[in-house]
Number of protein chains: 2
Amino acid sequence: MKNTTALFKALAHQTRLRILCLLLDGEVCVCQIMAILSLPQSTASRHLAILKNAGLVEDRRDGTWAHYSLARNCSPLAGQLLEVLGEHLPHTNIGAEDCQKLSEALQKKDCA
Amino acid sequence: MKNTTALFKALAHQTRLRILCLLLDGEVCVCQIMAILSLPQSTASRHLAILKNAGLVEDRRDGTWAHYSLARNCSPLAGQLLEVLGEHLPHTNIGAEDCQKLSEALQKKDCA
DNA sequence: TACAATAATCCGGTTTTTCGGATATAGCAA
DNA sequence: TTGCTATATCCGAAAAACCGGATTATTGTA
């Protein structure tokens, strides 16, 4: 039950839901998250750490860059919640807008 | 997205998850929730108000008593989350223990 | 009407969470 | 080595959430 509560705490913040929405289509680097959500670097990093600590996302290091993606081997509950969010977040106004921005940024290849 | 965040905030507290677990088998009155979770009256009432405000539960008045149950006409997202929680909460230690206490209390018919 | 019982709301104080600038760490390049 | 970049962590302050006793509101009953 404690783990369950921790999981929902991690999801109980708009910024973190927006980050998860960005990760639905694949891994994204921190610099893109900062740019799209207009977050200070420390804030972006902290929210990502909270999601990672909850077992919702994982990171991959590539030199000085850090790429985040949805956790592949997450708990069954986390997996179900991510699935539900995957159906829902892209249909919200902010979620769709963020994903659109990410799509544009990927075409420009600002940060590969 | 704001509604989504509010929904997860409502779920991000152990007491409220325990209350939802108790409601999985049907409506429960406030006095039983107080007794089983050992909560002061104001605390129980406040958590129930948060769940109701999030659209997760609804109340039925019967004289001076208030009976709470899972919301029948909740949003699609809330419905999915309740479904996931319905599979998960009863399998947790605390959840199972609480449900057991409720079952015993209902047999004694302390508070019909 | 007066009183008892149930539950919602109020109030203040405490705890938790969040924030962003500053600092620390690690990798890459000159 | 020196410097630059990307990211994580630290720190103090601000905001939000939580708590439970006290009060209020509503209903049922004598």
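As the structure is a computational prediction, the values presented were derived from the model and not from experiment.
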*Mind checking B/R46 for me? I need base, sugar-phosphate or nothing, with any heavy atom below 4.0 Å counting as a touch.*
base
*asked:* Pick the closest DNA chain D nucleotide for B/G63 and for A/S42 by heavy atoms, then say which residue is nearer the 5' end.
replied: A/S42
*Whether B/T92 side chain and B/L89 backbone form a donor-acceptor pair below 3.5 Å*: yes
*In whole angstrom, what separates B/M34's CE from D/dC19's C1'?*
14 Å
*State plainly whether the residues A/K52 and A/E58 are in salt-bridge range, i.e. N to O under 4.0 Å.*
no
*d(CG, A/L51; C1', D/dA8) in whole Å*: 15 Å
*Please state whether the base of D/dA8 and the side chain of A/Q41 form at least one donor-acceptor pair under 3.5 Å?*
yes
*Between C/dG20, C/dA8, D/dC19, which nucleotide gets closest to the side-chain atoms of A/T43?*
C/dG20
*Which listed nucleotide (D/dG20, D/dA8, C/dA7) is nearest to the side chain of B/P40?*
D/dG20
*Should A/R61 be listed as having a side-chain N or O under 4.0 Å from OP1 or OP2 of D/dA8?*
yes
_Any side-chain donor near an acceptor of the partner, A/Q80 and B/Q80, under 3.5 Å_ = no
*What is the distance, rounded to the nearest whole Å, between atom CG of B/D59 and atom C1' of D/dT26?*
14 Å
_Checking the side chain of A/R18 only, and the main-chain atoms of A/I33 only, is there a donor and an acceptor separated by less than 3.5 Å?_
no
*Hey, is the side chain of B/Y68 poking within less than 4.0 Å of OP1 or OP2 on C/dT6, counting only N and O atoms?*
no
*Find the distance A/I50:CD1 to C/dT18:C1' and express it as a whole number of Å.*
8 Å
*Nearest-nucleotide 5' precedence on DNA chain D, A/A49 against A/K9*: A/A49
*Measure from NE2 on B/H67 to P on C/dT6 and round the result to the nearest Å.*
11 Å
*asked:* Does a side-chain N or O of B/T64 approach OP1 or OP2 of D/dT27 to a distance below 4.0 Å, or not?
replied: no
_Length of the CG-P vector between B/L37 and D/dC19, whole Å_ = 12 Å
*Rounding to a whole Å, what distance do you find between B/I33:CD1 and C/dT6:C1'?*
14 Å
*Would one find a side-chain N or O of B/H13 under 4.0 angstrom from OP1 or OP2 of D/dA16?*
no
*Does A/H47 have a side-chain nitrogen or oxygen under 4.0 Å from the phosphate oxygens OP1 or OP2 of C/dC19?*
yes
*Atom CG of A/L48 and atom C1' of C/dG20: how far apart are they, to the nearest Å?*
16 Å
*Measure across B/C74 and B/L82 and return the closest heavy-atom pair with its distance rounded to 0.1 Å.*
SG-CD1, 4.4 Å
